[in-house]
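Below is one structure, written out as structure tokens; comments come after it.
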2 protein chains.
Amino acid sequence: MTRFNPTRPALSRERILSEALALIESDGLDAFSTRRLAQRLGCEAMSLYHHHPSKAHLLDSLVDQVLGAMPLPDPSQRPADRLRQLAATWRHMARRHPRFYLWLALHRWNSATGVRFLGAVLGCFADAGLSREQSARAFRVVGYYLLGATLDETGGYAQGPSSLNPIPLDVLQREHPLVAQAGEFFVPEQFDRTFELGFEVLLRGLGLDSGTSPD
Amino acid sequence: MTRFNPTRPALSRERILSEALALIESDGLDAFSTRRLAQRLGCEAMSLYHHHPSKAHLLDSLVDQVLGAMPLPDPSQRPADRLRQLAATWRHMARRHPRFYLWLALHRWNSATGVRFLGAVLGCFADAGLSREQSARAFRVVGYYLLGATLDETGGYAQGPSSLNPIPLDVLQREHPLVAQAGEFFVPEQFDRTFELGFEVLLRGLGLDSGTSPD
DNA sequence: ACCTGAACACCGTTCAAGT
DNA sequence: ACCTGAACACCGTTCAAGT
């Protein structure tokens with residue numbers, strides 16, 4: 001009956017990917033299924049398999065596409081500034097695709113596009129004069145921080161329905177005043193300042209501060 | 001037929017939780033289902049619902065149980081040492097339950113047990129003389145770092161089948177020598193040293209160093 | 001109170017078949 | 001080459017029924 005739908009644009013790898021990303025951002029990662037994607041595309045679920053061999057491959061392609069869209073910093077800039085820019089680009093990407101970011105951040109991206117980005121980050125440490133070992137460790141340390149920060153900022157994980165025994169606000173204020181009072185600084189408006197605080201501490205402590213040369 | 005199985009221990013909240021954790025660690029989070037858990041317990045899937053109202057509640061109870069088993073540091077110790085101990089306890093817990101940790105780390109734990117732990121961490125900053133705002137931001141910064149580090153260390157996310165276009169090792173070495181060379185420091189044997197490097201940088205930079213008092 | 005079995009509305013994917 | 005439909009082996013959960 002609907003075996004040919006003239007109003008529907010032809011299926012293609014690209015169209016499937018962009019609709020997939022839109023569906024994930026609108027309905028969430030958990031609700032993303034090949035069947036729902038097909039419905040949105042106006043085709044059968046199985047038609048997708050002609051363009052992507054599996055759901056996992058589809059998501060991997062999406063990772064590649066999103067990573068590939070990130071601009072790399074100008075190599076003529078100083079290493080610390082390049083790192084600041086890389087962090088800003090990364091956080092911007094995470095904020096743009098908050099729900100998909102959970103998948104992207106928690107899966108290995110060993111594609112050419114992913115490695116290109118890793119190389120740009122590692123290059124900053126090398127150019128700042130760190131040894132191979134220092135560079136590798138600093139890369140990891142900064143990566144840990146950036147990963148944790150973006151996961152919190154996108155909030156993908158904390159959105160879920162609050163759990164079985166959510167502590168009532170008045171109890172929280174009475175028994176854990178420190179926790180209650182800290183909440184004021186955990187809102188999105190504070191993300192940038194908090195992120196910068198830790199990021200600058202790390203750059204300085206790792207010998208990347210561009211202002212005062214470490215000796 | 002199997003409506004009564006005398007060899008099977010009685011079902012209970014505790015037994016369900018401990019088998020659930022064992023199943024998650026042996027087969028992974030994705031493979032964890034109420035049906036498979038029931039099979040392991042020797043009952044019907046629906047029997048679980050008499051003890052936990054849903055799969056999400058069951059997992060939340062598990063979070064609570066694991067968090068509750070973590071020892072809090074002696075308040076008489078110096079704040080920086082308490083933070084070191086809290087980080088060690090946290091990383092130990094993550095390593096003990098690497099697959100469940102992915103769920104624990106990425107879901108809100110606003111139960112009394114979770115808040116108790118948050119309070120212990122925040123107390124370190126307050127006791128070190130930081131202001132409310134400084135404490136809140138330092139808490140967030142250290143938490144970002146710890147979250148990113150443990151997610152990497154448990155490797156829960158990186159275990160998946162390598163993606164669609166894994167870059168071949170020889171290409172990696174030729175085109176991205178920095179990335180290839182850094183790999184040597186990304187192995188489990190290096191986790192402790194790398195973690196400490198960044199953690200100590202943060203403690204010092206945030207004014208928590210117990211050796212030299214920040215002024 | 002505790003457990004069961006059938007049923008409902010979903011999944012990802014295989015496979016043979018259509019054009 | 002591109003798409004379909006039925007089918008398979010799964011999900012979490014509801015509901016009425018058993019003891």
Side-chain angles (χ1 to χ4, degrees), chain A residues 1-17 19-21 23-24 26-63 99-100 102-103 107 159-161 163-164, chain B residues 1-17 19-21 23-24 26-63 99-100 102-103 107 159-161 163-164:
Chain A
M1 192 193 232
T2 56
R3 92 181 64 164
F4 181 67
N5 180 347
T7 69
R8 182 194 83 194
L11 231 44
S12 69
R13 276 181 56 86
E14 290 68 32
R15 204 168 82 84
I16 291 172
L17 288 180
E19 288 295 332
L21 189 53
L23 180 55
I24 289 169
S26 77
D27 293 10
L29 258 185
D30 289 345
F32 175 70
S33 72
T34 56
R35 290 168 130 103
R36 299 232 294 133
L37 175 57
Q39 191 184 331
R40 190 182 173 118
L41 287 161
C43 69
E44 295 292 318
M46 302 317 120
S47 306
L48 304 174
Y49 283 75
H50 203 268
H51 302 267
H52 297 95
S54 76
K55 187 187 184 185
H57 279 77
L58 196 158
L59 287 166
D60 275 340
S61 295
L62 216 42
V63 170
R99 309 183 98 161
F100 178 61
L102 198 59
W103 211 92
H107 285 79
Q159 308 287 25
S163 55
L164 64 170
Chain B
M1 194 194 233
T2 57
R3 91 182 65 163
F4 180 67
N5 180 347
T7 70
R8 181 194 83 193
L11 232 44
S12 70
R13 276 181 56 87
E14 290 69 31
R15 205 168 80 84
I16 290 172
L17 288 180
E19 288 295 334
L21 189 54
L23 180 55
I24 289 168
S26 77
D27 293 11
L29 259 185
D30 288 344
F32 174 70
S33 72
T34 56
R35 291 169 129 103
R36 299 232 295 132
L37 175 57
Q39 191 185 331
R40 190 180 173 120
L41 286 161
C43 70
E44 295 292 317
M46 303 316 122
S47 308
L48 304 174
Y49 283 75
H50 203 269
H51 303 267
H52 297 94
S54 75
K55 187 188 184 186
H57 279 77
L58 196 158
L59 286 166
D60 276 341
S61 295
L62 215 43
V63 170
R99 308 183 99 162
F100 178 61
L102 197 59
W103 211 91
H107 286 79
Q159 307 288 23
S163 56
L164 66 170

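The structure presented is a predicted model; accordingly, all values stated were derived computationally and were not measured. Below, read A as the first sequence line, B as the second, and so on, with proteins coming before strands; counting in each chain starts at 1. Heavy atoms only: backbone and side chains are in, while hydrogens, waters and symmetry mates are out.
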Exercise. Looking at the side chain of A:Cys43, which of D:dC3, D:dT4, C:dG5 is the nearest nucleotide?
Worked result: D:dT4
Exercise. Taking for each residue the nucleotide of DNA chain D with the nearest heavy atom, is it B:Arg36 or A:His50 whose nucleotide lies nearer the 5' end?
Worked result: A:His50
Exercise. Of all the nucleotides listed (D:dC3, C:dT14, C:dG5), which has the minimum atom distance to the side chain of A:Met46?
Worked result: C:dT14
Problem set entry | Side-chain heavy atoms of B:Ile24 within contact of B:Leu62, under 4.5 Å | yes
Problem set entry | For D:dG5, the Watson-Crick or wobble counterpart (both distances under 3.5 Å) | C:dC15
Problem set entry | Any side-chain heavy-atom pair of A:Leu17 and A:His52 under 4.5 Å | yes
Seminar exercise, completed: By nearest-nucleotide position on DNA chain C, the 5'-leaning member of A:Pro53 and A:Ala31 is A:Ala31
Problem set entry | Atom-to-atom span, CG of A:Leu37 to P of C:dT13 - whole angstrom | 12 Å
For this session: Starting at atom CD of B:Glu44, determine the distance to atom P of D:dA16, rounded to an integer number of angstrom.
Result: 19 Å
Exercise. Rounding to a whole Å, what distance do you find between B:Gln39:CD and C:dT4:P?
Worked result: 14 Å
For this session: Can you tell me the distance, in whole Å, between the CG atom of A:Asp27 and the P atom of C:dC11?
Result: 11 Å
Problem set entry | Nucleotide nearest A:Lys55 when distance is taken to its side chain, options C:dG12, D:dT13, D:dG5 | C:dG12
For this session: Report yes if at least one side-chain N or O of B:His51 is closer than 4.0 Å to OP1 or OP2 of C:dA1; otherwise report no.
Result: no
Exercise. Counting side-chain heavy atoms from CB outward, which of D:dA1, D:dA7, C:dC3 is closest to A:Arg35?
Worked result: D:dA7
Problem set entry | OP1 or OP2 of C:dT14 under 4.0 Å from side-chain N/O of A:Tyr49 | no
For this session: For A:Ser47, answer base if it contacts any base atom (sugar-phosphate contacts may also be present), sugar-phosphate if it contacts only those atoms, and nothing otherwise; contact means non-hydrogen atoms under 4.0 Å.
Result: base
Problem set entry | Heavy-atom closest contact (B:Leu11 atom, B:Cys43 atom, distance) | CD2-SG, 3.8 Å
For this session: Evaluate the side-chain proximity of B:Ser26 to B:Arg40: yes if any heavy-atom separation is below 4.5 Å, no if none is.
Result: yes
Seminar exercise, completed: Rounded to whole Å, CG of B:Leu23 lies from P of D:dC11 at a distance of 10 Å
Exercise. With a 4.5 Å heavy-atom cut-off, do A:Asp27 and A:Phe32 have their side chains touching?
Worked result: no
Problem set entry | Length of the line joining A:Leu41:CG and D:dC3:P, which is rounded to integer Å | 10 Å
Problem set entry | Whole-Å gap separating P (D:dA1) and CZ (A:Arg13) | 17 Å
Exercise. Rounding to a whole Å, what distance do you find between A:Ile16:CD1 and D:dC2:P?
Worked result: 11 Å
